[in-house]
Number of protein chains: 2
Amino acid sequence: MSVHDDRQKTGRGGTSAPRGVTMAAVGRLAGVSQVTVSRALSDPSKVSPETLRRIREAIEVTGYVPNAVAGALASRRSKLITALVPSITNIVYSSMIQTFTGELRAQDYQILMSETGFDPKVEEAAVATHLSRRPDAVLLTGIHHSPQTRRMLLAAEIPVVELWDITDTPIDLCVGFSHVESGRAVARFCREAGYLRAATVSAGDERAIRRKDAFVREFGRPGGEAVQEVTYAGSASLVRGREALVRLLDEAGFRNGVVVCSSDLLAHGVVIEAAARGLEVPGEIAVVGFGDQDYAAHIVPSLTTVRVDREALGRVAAQAILARIEGGEPPPAVTDLGFEIIRRESA
Amino acid sequence: MSVHDDRQKTGRGGTSAPRGVTMAAVGRLAGVSQVTVSRALSDPSKVSPETLRRIREAIEVTGYVPNAVAGALASRRSKLITALVPSITNIVYSSMIQTFTGELRAQDYQILMSETGFDPKVEEAAVATHLSRRPDAVLLTGIHHSPQTRRMLLAAEIPVVELWDITDTPIDLCVGFSHVESGRAVARFCREAGYLRAATVSAGDERAIRRKDAFVREFGRPGGEAVQEVTYAGSASLVRGREALVRLLDEAGFRNGVVVCSSDLLAHGVVIEAAARGLEVPGEIAVVGFGDQDYAAHIVPSLTTVRVDREALGRVAAQAILARIEGGEPPPAVTDLGFEIIRRESA
DNA sequence: ATGAAAGCGCTAACAG
DNA sequence: CTGTTAGCGCTTTCAT
């Protein structure tokens, strides 16, 4: 008596545990070949209604889940887009990614995201890992990348979008706004609002520094006083904002001026510390934030800040990528979405 | 005169644009076969030093980036882990994912993340898409999933972790804490702190509702008053917290009691609204939050809240998955990391 | 409308 | 230490 062995073989000889259902298995059950199943899934109109029905039934019965890995290898299209952001817990970035993802998911793309901190070397390693997944496009944050990063991205010959900043020389495409212009605009706003004294509170983000520097230069023009600066190496937090005001008040004797912060979170900390000390905002200490987070309009006093349309940034980045991949109107290399100063009670 | 055509062929006949450098190309340049390159990359000790040197040089020269898609197909290991969270902009989830990712990246795993909102049907579709990438493990948020979701996950025969909640019947593993116990604990805390009146403010999250219901039941035991409830369908925000207090004050005549919120954000809104109306916290309105966010300790008055160690949750989830994949101590099916009530000034 | 064949770029097993 | 062979599960091309 012989034993009929119908198990799949793996590699050279030997058998293994049942791996996922394949298209071939679905085809067998539906009485068609594997290719027909492939067609039924990618373009049902290419298959007769009756065949389609049997295939669908077989898929249902077997619980078949397509293997996108094999599909990507064969078709050279992964339907994967990878994104690199400094931090996934920072709402500034995650809100852009949210709309970016939403827009692309509608076209069946998935987003693979990694954190890079603010270190170009970490970014470089992450780019290599990401490219190994053969994404159909890559999204980066910012415009400063190592030469090696640029080289790899260029060699990949896929759409690349640099988000959240602009430059005349993007790797491929960029969608953002001018941080220098934003710093300048806040300086002009403060001068026009009548503030003669200013201080800055910034986190260690390179772009925040660029905004701050632009602010300081513009505010310091004839008629303006030197600006006091507090800078933190790490990321922003409410407590850092509180600490910063303490330092400005106690160590630097700062009073009767405007404190310009690199984020709403820091600004909120300044506002809280001012309140805790019984200082009037904006009477004694005026405060300007950055980002226009949800809460900016609802704290007391409400926060004067810079609004950047992060949802639009994510959406436009996604659309630029789709235009490139799916063909059609070639997207502009540089998209400047600008910013807006929102004047509320705090300054 | 003849033209020498050395271009790679694709499919059956025809030529195409230069696709990425392959292992075979690297091997050719280094004077070895493709497998040797594969070995040099996966286990350098299996290759002679001189060969290794030549291969590394060839990789450098060509700018070779490994194709993880082909690797995954051949090895049946994708080095990919997928994660499903309700929202990527919510710090509660993103902070867990951050440590989860960090822990796994150290072992060369990448994390593919998607949002599910709070809809099991959306989650079901997302699980199918994720499984098509043949991940080595899957992370889900919460313990409530559609039968079809459970079926697919079970059929995939990979480690599955349900995070942020616990149950006796996980799909595979779960790492979290008891939301019911947390609601009860807050109720006991409030009773012991002497509050006789209570109100709840909750977002539409199923787990938040479960905490609230447990709170209401426990607080309402003999000697306790009925609890007034405000529930929002959507997600939490500072302004919703402010609105909630307005409703409790103006519509329900709530006074001299404790307002228990489903998140620190809502609690912060309540605190701000109370301050805006000149009400004393905790004197006239006491407030309890949930989550112990960064800012909870630094707003004025500081927030009494429930702390959950989100970093530990992400870390333990990652370690459980690694234990499963890499072998070794089998991880416990259920890990309860508990919670802690942090008493500060607001209640 | 359907099928057969060839290959995507790699890893796994076996043989030297 | 290195090479050969046989797939992984699909898509693409060509033929019917």
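Numbers restart at 1 for each chain; the letters A, B, ... are given by sequence-line order, proteins then strands.
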Engineer: Would you say A:T99's side chain and A:E311's backbone share a donor-acceptor pair under 3.5 angstrom?
Structural biologist: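 Present.
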Engineer: Do the side chain of A:S38 and the main chain of A:Q34 share a donor and acceptor less than 3.5 angstrom apart?
Structural biologist: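 Checking the backbone N and O of A:Q34 against the side chain of A:S38, no donor-acceptor pair under 3.5 Å is found.
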Engineer: Starting from the 5' end of DNA chain D, give me the residue, B:R39 or A:Q34, whose nearest nucleotide shows up first.
Structural biologist: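 Of the two residues, B:R39 wins.
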Engineer: Distance check needed: C:dC10 P versus A:R133 CZ, whole Å only.
Structural biologist: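 Nearest whole value for this atom pair: 14 Å.
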Engineer: Residues from residues 41-69 of chain A sitting under 4.0 Å of DNA chain D, heavy atoms only?
Structural biologist: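 Per residue number, the list reads A:Y64, A:N67.
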Engineer: To the nearest 0.5 angstrom, please state how far the CG atom of A:L73 sits from the CG atom of B:N67.
Structural biologist: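 Nearest 0.5 Å value for the CG-CG distance: 6.5 Å.
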Engineer: Please tell me which of B:R134 and B:S33 maps to the more 5' nucleotide of DNA chain D, matching each residue to the nucleotide holding its nearest heavy atom.
Structural biologist: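 Final value for this comparison: B:S33.
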Engineer: Please check: side-chain N/O of A:T51 versus main-chain N/O of A:V47, any donor-acceptor pairing under 3.5 Å?
Structural biologist: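 Side chain of A:T51 to backbone of A:V47: no pair is present.
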Engineer: Taking only side-chain nitrogens and oxygens of A:T36, does any of them come within less than 4.0 Å of OP1 or OP2 of C:dG3?
Structural biologist: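 Indeed, a polar side-chain atom of A:T36 lies that close.
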Engineer: Taking all non-hydrogen atoms of both residues, which atom of A:A40 and which atom of A:I55 are closest, and how far apart?
Structural biologist: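 Here A:A40 and A:I55 meet closest at CB-CD1, 3.7 Å.
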Engineer: Mind calculating the distance between CG (A:L73) and P (C:dT11) to the nearest angstrom?
Structural biologist: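 Computing the A:L73:CG to C:dT11:P distance gives 12 Å.
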Engineer: Quick check: are there more than 12 heavy atoms from other residues, nucleotides or ligands sitting under 6.0 Å from CD of B:E329?
Structural biologist: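 Open: at most 12 neighbouring heavy atoms sit under 6.0 Å from CD of B:E329.
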Engineer: Which angle, rounded to 10°, do you find between the first-five-pair axis and the last-five-pair axis of the helix from C:dA1-D:dT16 to C:dG16-D:dC1?
Structural biologist: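 That helix gives 30° between its end axes.
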Engineer: Just compare C:dG3, D:dC8, C:dG9 and give me whichever is closest to any side-chain atom of B:R76.
Structural biologist: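 Nearest to the side-chain atoms of B:R76, counting from C-beta on, is D:dC8.
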Engineer: Rounded to whole angstroms, how far apart are CZ on B:R28 and P on C:dC10?
Structural biologist: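 Roughly 11 Å, once rounded to whole Å.
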Engineer: Going by an N to O cut-off under 4.0 Å, is there a salt bridge joining A:R54 and A:E57?
Structural biologist: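 No.
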Engineer: Is there a side chain to side chain contact (heavy atoms under 4.5 Å, CB included) between A:Y109 and A:L322? Walk through the geometry before answering.
Structural biologist: CA-CA 10 Å; A:Y109 287 92; A:L322 285 174; 3.8 Å; yes
